[in-house]
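For reference, the structure discussed in these notes is given below.
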Amino acid sequence: MAHSHILGFPRMGAQRELKFALEGFWRGERTEAQLREVGATLRSQHWQWQREAGLSFVSVGDFAWYDQTLSLSATLGALPERFGFDARSLSLSQYFELARGNAAQPAMEMTKWFDTNYHYLVPELSPHTRFDGGVSWLFDEVDEAITQGHTPKPVVLGPITYLWLAKCHGEHADFDKLTLLPKLVKAYQRILQGFAERGVSWVQIDEPALCLDLPAAWLAAYQPAYDELATPALKLLLATYFDTAADHAVLATQLPVQGFHIDLVRAPEQLPAWRAALPEHAVLSVGVIDGRNIWRTDLRKQLPLLQALQSDLQDRLWIAPSCSLQHVPVSLQPEAKLDAEIKSWLAFAREKLEEISTLSRALREGEASVASNLTACDEAVCSRRHSGRVTQVLVQKRLARLSPEMAQRHSPFVQRAAVQREALQLPPLPTTTIGSFPQTAQIRQTRAAYKRGELTALDYLQRIRDEIELAVRKQEALGLDVLVHGEAERNDMVEYFGEQLWGYAFTENGWVQSYGSRCVKPPIIYGDVFRPDPMTVETTRYAQSLTERVMKGMLTGPVTMLQWSFVRDDQPRQATALQLALAIRDEVADLEKAGIRVIQIDEPAFREGLPLRQRDWVAYLDWAVHAFQVSAACVRDDTQIHTHMCYSEFNDILPSIAAMDADVITIETSRSAMALLDGFGAFAYPNEIGPGVYDIHSPRVPSVDAMVRLLERACEVIPVERLWVNPDCGLKTRAWPETEAALRNMVQAAQVLRERQGCLSAA
């Protein structure tokens, strides 16, 4: 009968236990032994849940102290040479230095994992990388699972995908990293040998790169690589996800592996190609449970497909989620305040285990054996389909009135820029920040007390105003040119706005890992989106009243609001994006009426939403650009629109970024030493740009000289009159001492460069 398994489980814990343990360790409040104990407890719990769901295996290797790609680099012995660490004796403290930087070295580059909001640490390779082995943590976890009586299925990122995601820097930037594959394959052979020695039967090797537009040389590399990895001691399950791999099905099924996993949620159309190419001996794992969204699966709809497959494949059929469950929260059980009807529509990771169990049992014992589960599912699906809360007539009428003129600024950028320079009177190389300032314990306690009803609305307002004034005074003292109010009132850049919009629902514990210890709680878009009232106007107007300097209004853009939410799947995503764009547009218009002359509409997830296959890019970019334009184009020429993007590869979509027509774009560039800026220069990006000069995800405070060098590098590709100076991202995760020190150095670096460029500040 059909086997069942998952590709990975969330590692942070239902109550974010790993997050708090990590941060305690970094502060010196927990020992390494205490941290390791938390990790072991979480792994044990997650394996037990998988066992209780009747899965054929438990997934091992999905746990990581910071990031699974970094952990694989540590296992392979492929650490950045600049740190000088010995991978074989790597300590946890050194591991975290790789991820977070230290006094001597910036952290490893971080970017988005395919088209998700998870960030991975980019492997750093060179012609000298040896892959001669490293930590034994993965083997230790396999031993743990076996000791606890489980059947482990180790999960390892495949060698081609690992190499594809890696980068070479500096003098080796043009090195052909594919030439490292033979050495890398030998390292994988050692890993597989370690599994075999422990009696492992199946190993999941993830190759999501097969869902990309890989060059011919990279596709040709699969056969010799996997010929070397083939071993009679192990069975290999080659896993693809996030898109279709149908056009590579013939190539993949000729590899000496024993099974394949495909994503039938994102790409159900690929099934015929895989069935036609599947060898008679091979397993087909079908991802029929959505691993990236939180809606209940229509089990009754999936069963006929699975029954037909089982009739053909028998015990060679495996049932699974579409991808790792690390992209969804752990459990619905703690959600006591969530609307009961909406809650009935949802399935988090533990509930998805139950869905897999139900499908498996239905195939094994017949539908009657799970009749109550299927009935409950039917009722939830029907309830959601017919809910009167989903559609707002007001929103639909407004969408129908949307005209092309509503997506166009009044004048081209060249004209607007002259008007804005006159209106804002900013110095050359103006300095600013991305929006948020440190979310101190006091701020979090204030918000929590208000939520619990322990503070009156007026008391809460006064405390938030005190925090805003503190942020404004510190910025004035530092000498920043364009200020922000600091966002003390905001729990999250998406959740804060979603809480004030119709069509959203929220969880108390729906946390998902974004990177390291950073977790986000994505809102749920279940219906049409509408803004009933202004969301930020009074707060921003108050902040502006405190200073003569320019105050920047801070908003989250429609594409990021979409990407960083769990989105309804009963209408096209572009329709929801336009609803969000109209809501943000109303807020932009009200900020301008309130006298705010600089408005930032953040779109850090713009690149993240890009489909994996280039053939699908045009359609996405058309509606994503249009949504941003609709949100921003209502202002006068003298109102300056900013946007922010971070931790993504932008160079392949620069024409679309230019089409957004923001007056100023700020981007993350410090971890790549301004390399990401080269594309903007080669493209001749026409508007103003602020390349980040220091990495806010690291506690490291860079020197003035280091920032000056980055700015001089930026001046080589962008005219100085169009350059801004800013950090990589918001500062909410940092503490005030390091924030002030870094910003002080940043302002001084801008002044040094003004003097060197002969454009002394008019301030």
Identify the residue among Arg11, His327, Gln326 that makes a side-chain hydrogen bond (donor to acceptor under 3.5 Å, both in side chains) with Gln513.
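Of the listed residues Arg11, His327, Gln326, the side-chain hydrogen bond (donor to acceptor under 3.5 Å, both in side chains) partner of Gln513 is Arg11.
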
Does the separation of the ring centres of [X] and [Y] fall below 6.0 angstrom?
X: Phe195; Y: Phe139; value: yes
X: Trp65; Y: Phe25; value: no
X: Phe437; Y: Trp736; value: yes

Using the rule given for side chain to side chain donor-acceptor pair (under 3.5 Å), can you reason through Ser73 versus Tyr162, listing the C-alpha separation, both sets of side-chain angles and the distance that settles it, and then say yes or no?
CA-CA 9 Å; Ser73 294; Tyr162 176 85; 2.8 Å; yes

Using the side-chain hydrogen bond (donor to acceptor under 3.5 Å, both in side chains) criterion, which residues pair with Asp602? Sequence neighbours excluded.
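Counting only residues at least two positions away or on another chain, Asp602 forms a side-chain hydrogen bond (donor to acceptor under 3.5 Å, both in side chains) with Gln600.
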
Closer than 3.5 angstrom, by distance alone: can the side chain of [X] be matched with the main-chain N or O of [Y] as a donor-acceptor pair?
X: His119; Y: Ser514; value: yes
X: Arg444; Y: Gln439; value: yes
X: Lys153; Y: Phe57; value: no

Polar side chain donor-acceptor pair, [X] to [Y], under 3.5 angstrom:
X: Asn745; Y: Tyr694; value: no
X: Thr666; Y: His644; value: yes
X: Arg51; Y: Gln148; value: no

Are [X] and [Y] within salt-bridge range, i.e. N to O under 4.0 Å?
X: Asp115; Y: Arg292; value: yes
X: Arg518; Y: Asp492; value: yes
X: Asp652; Y: Arg607; value: yes
X: Lys732; Y: Glu487; value: no
X: Glu144; Y: Arg43; value: yes

Go through the steps for Trp564 and Glu495 under the test side-chain contact (heavy atoms from CB on, under 4.5 Å), then give the verdict.
CA-CA 9 Å; Trp564 290 359; Glu495 184 176 12; over 6 Å; no

Enter the distance from Ile696:CD1 to Cys729:SG here, rounded to the nearest 0.5 Å.
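Between Ile696 CD1 and Cys729 SG, I get 5.0 Å after rounding to 0.5 Å.
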
Salt bridge (Lys or Arg N to Asp or Glu O under 4.0 Å) involving Glu197 - partner list, sequence neighbours excluded:
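For Glu197, no residue satisfies salt bridge (Lys or Arg N to Asp or Glu O under 4.0 Å) once neighbours in sequence are set aside.
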
By the salt bridge (Lys or Arg N to Asp or Glu O under 4.0 Å) test, which pairs, at least two apart or in different chains, include something from residues 76-91?
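Found Arg82-Glu124.
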
